[in-house]
Amino acid sequence: MEQVMRNTLLWLSRNRRAERWARRFGFRLGAGRFVPGESLEDAVRAVEQLHRRGLAATLDHLGEFVDRADEARQAADFCVRTLERFADLPYDVYLSVKLTQLGLDIDEDLCMENMRKIVARARDTGRFVRIDMEDYAHNEVTLAIYRKLHAEFGTEHIGTVIQAYLYKSADDIRALAPLKPNLRLVKGAYKEPPSVAYPEKRDVDENYKRIIDLQLQSGGKTAIATHDEAIIRWAKERVRELHVPDERWEFQMLYGIRPQLQEALAREGYKVRIYVPFGEDWYGYFMRRLAERPANVGFVLKSLVKA
Ligand SMILES: Cc1cc2nc3c(=O)[nH]c(=O)nc-3n(C[C@H](O)[C@H](O)[C@H](O)COP(=O)(O)OP(=O)(O)OC[C@H]3O[C@@H](n4cnc5c(N)ncnc54)[C@H](O)[C@@H]3O)c2cc1C
């Protein structure tokens, strides 16, 4: 039953008519739980509130897949404006970007040009940019672009993501280790076939521990991005055993998911960074969060009753 619900929600996340319908209700559907707002100023407010709760942030300007060069350039310009808006604010915040939003499927050179512009601005304002990892079809090219940008800007300004559900990820971490990379480690969010990804959750969880272990010992920086309490407990222990210095690792979670756990970890003294998506294209992101945990649909129904 849960699987049927999940597939239906994922199908709805890509359905234009459902999107038009949902947008009429806007944030009254409850999207505000996962997305603090549509504008850059909404994002500034959210980062400030997180800061007051002892939490750092990474910003993601939500966007649909783009297929025109001018749209990709506009997306890059918005990233630059975001970095500039935060330049003089005293918050621990950086940027997360998706390469398909910056023109990867149109022309790799255009995407590189956009990324150079963004990372150069990040370097000039003392910030960091992380390339989110998308589906398997974009995995190799994302790693190749990451390597090029790393050669130009260094570990301080560019990082990427490795997904535990892919069979290849432990090898990728070993191959990247000489760069002492800054990597966010996640379980993986896309629907991938068993030819490339572990179909069973327990295998994903095992591989997640394996790649955390490898990356913690790489000499780079590690962001452990999960809401899974068993993994979080295990990671705390492993970090202690390996004597990993505080500045070389952190926990990360999504805005609106397990907020009490986020604060509890921060109170215990751990660095916790929250991924803050914002922008007008909230519909697809919102539906994917519901699909991850169909029980969340209950609160959407409650929001509708209250609206
Ligand atoms: C900061 C951050 C950045 C990410 N970046 C990427 C990326 O670049 N590429 C990528 O493929 N994936 C990314 N992800 C998503 C990730 O791959 C997982 O899909 C997602 O984090 C859910 O897995 P989990 O590790 O929390 O564990 P799970 O085993 O899925 O969940 C553990 C527990 O977390 C809670 N939980 C999880 N999801 C929800 C939800 N939607 N609503 C309510 N509770 C929930 C539940 O209590 C659940 O039992 C990112 C995740 C985070 C936290």
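Both counts, for ligands and for their atoms, begin at 1 and track the order of listing.
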Which donor-acceptor pairs under 3.5 Å do the side chains of residues 77-84 make with protein atoms, sequence neighbours left out?
| unit_1 | atom_1 | unit_2 | atom_2 | d |
| --- | --- | --- | --- | --- |
| Asp77 | OD1 | Lys117 | NZ | 3.2 |
| Thr82 | OG1 | Phe78 | O | 2.8 |
| Glu84 | OE2 | Arg121 | NE | 2.6 |

Donor-acceptor contacts under 3.5 Å from residues 276-291 side chains, at least two apart:
| unit_1 | atom_1 | unit_2 | atom_2 | d |
| --- | --- | --- | --- | --- |
| Asp281 | OD1 | Arg23 | NH2 | 3.3 |
| Asp281 | OD2 | Glu64 | N | 3.4 |
| Trp282 | NE1 | Glu38 | OE2 | 3.0 |
| Tyr283 | OH | Leu12 | O | 2.6 |
| Arg289 | NE | Glu292 | OE1 | 3.2 |
| Arg289 | NE | Glu292 | OE2 | 3.4 |
| Arg289 | NH2 | Glu292 | OE2 | 2.7 |

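Asp107 contributes atom CG, which lies 10.0 Å from atom CG of Asn114 (distance to the nearest 0.5 angstrom).
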Please evaluate residues Ser96 and Arg184 with respect to the criterion side chain to side chain donor-acceptor pair (under 3.5 Å), reporting the C-alpha separation (whole Å), side-chain torsions for both, the decisive distance (0.1 Å), and the verdict.
CA-CA 11 Å; Ser96 290; Arg184 174 197 297 148; 3.0 Å; yes
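Listed by chain and residue number, Phe128 satisfy the ring pair (Phe, Tyr, Trp, His ring centres under 6.0 Å) test with Tyr94 (two or more places apart in sequence, or in another chain).
Under 3.5 Å, the side chains of Asn207 and Tyr165 contain no donor-acceptor pair of N or O atoms.
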Where does ligand 1 get N/O contacts under 3.5 Å from the protein, atom by atom?
| unit_1 | atom_1 | unit_2 | atom_2 | d |
| --- | --- | --- | --- | --- |
| ligand 1 | 5 (N) | Arg184 | NH1 | 3.2 |
| ligand 1 | 8 (O) | Met133 | N | 3.1 |
| ligand 1 | 9 (N) | Met133 | O | 2.8 |
| ligand 1 | 11 (O) | Gln163 | NE2 | 2.9 |
| ligand 1 | 11 (O) | Ala189 | N | 3.0 |
| ligand 1 | 17 (O) | Gly188 | N | 2.7 |
| ligand 1 | 25 (O) | Thr226 | OG1 | 2.6 |
| ligand 1 | 26 (O) | His227 | N | 3.0 |
| ligand 1 | 26 (O) | His227 | ND1 | 2.7 |
| ligand 1 | 27 (O) | Lys187 | NZ | 3.2 |
| ligand 1 | 29 (O) | Lys187 | NZ | 2.7 |
| ligand 1 | 29 (O) | Lys201 | NZ | 2.6 |
| ligand 1 | 38 (N) | Glu292 | OE1 | 3.3 |
| ligand 1 | 41 (N) | Arg289 | O | 3.0 |
| ligand 1 | 41 (N) | Glu292 | OE1 | 2.9 |
| ligand 1 | 42 (N) | Asn296 | ND2 | 2.9 |

